[in-house]
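No hydrogens, no waters, no symmetry mates; every other heavy atom, side chains included, goes into these values.
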Amino acid sequence: MATPFLAGLAVAAAALAGRYGIRAWQAFKTRPPQARSRKFYEGGFSPTMTRREAALILGIRENANADKIKEAHRRVMIANHPDAGGSHYLASKINEAKDVLLGKSKSSGSPF
């Protein structure tokens with residue numbers, strides 16, 4: 001006698017849960033879109049690289065010390081080295097970013 005009652009109760013609970021789930025999903029779909037914060041820098045390269053742009057390329061702060069700059073340069077260069085399938089253009093920009101942050105002048109002009 002108790003088994004059919006428990007089975008009916010389970011079916012009713014599943015139906016209510018399904019109904020609640022469907023309504024929650026519909027409410028989620030109809031809500032207005034929210035502005036999302038952007039994690040990445042949008043925009044191309046400036047004609048002359050600034051310290052801010054160089055720091056964004058290497059993923060460090062503008063006022064980082066020389067050791068942090070060299071460590072970040074090595075990390076980014078390993079991921080984008082032309083010998084490992086990376087772009088020559090990106091490699092030249094990574095090197096330029098390191099030079100800008102270290103205060104070195106660019107002796108040879110990049111073809112890019």
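Under a 4.5 Å side-chain heavy-atom criterion applied to ILVMFWY residues, the cluster that includes Trp25 comprises Phe28 as well.
Contacts of Leu90 classified as side-chain contact (heavy atoms from CB on, under 4.5 Å), with partners at least two apart in sequence or in another chain: Phe45, Asn80, Ser87.
To the nearest 0.5 Å, atoms CD (Glu96) and NZ (Lys104) are separated by 14.0 Å. Residue Ile69 holds its CD1 atom at 9.0 Å from CG of Asn63, rounded to the nearest 0.5 Å. The NZ atom of Lys70 lies 6.5 Å from the CG atom of Leu102; values are rounded to the nearest 0.5 Å. Distance check: Leu58 CG to His73 NE2 gives 7.0 Å after rounding to the nearest 0.5 Å. Between Leu101 atom CG and Thr50 atom OG1 the span is 9.5 Å, to the nearest 0.5 Å.
Here the shortest heavy-atom pairing between Glu62 and Arg51 reads O-NH2, 2.6 Å. Nearest approach of Ile57 to Ile94, heavy atoms of both residues: CG2-CG1, 4.1 Å. In this structure, Met49 and Ala97 approach most closely via the heavy-atom pair SD-CA, 3.5 Å.
A salt bridge does not link Glu71 to Lys68: none of the charged side-chain nitrogens sits closer than 4.0 Å to a carboxylate oxygen.
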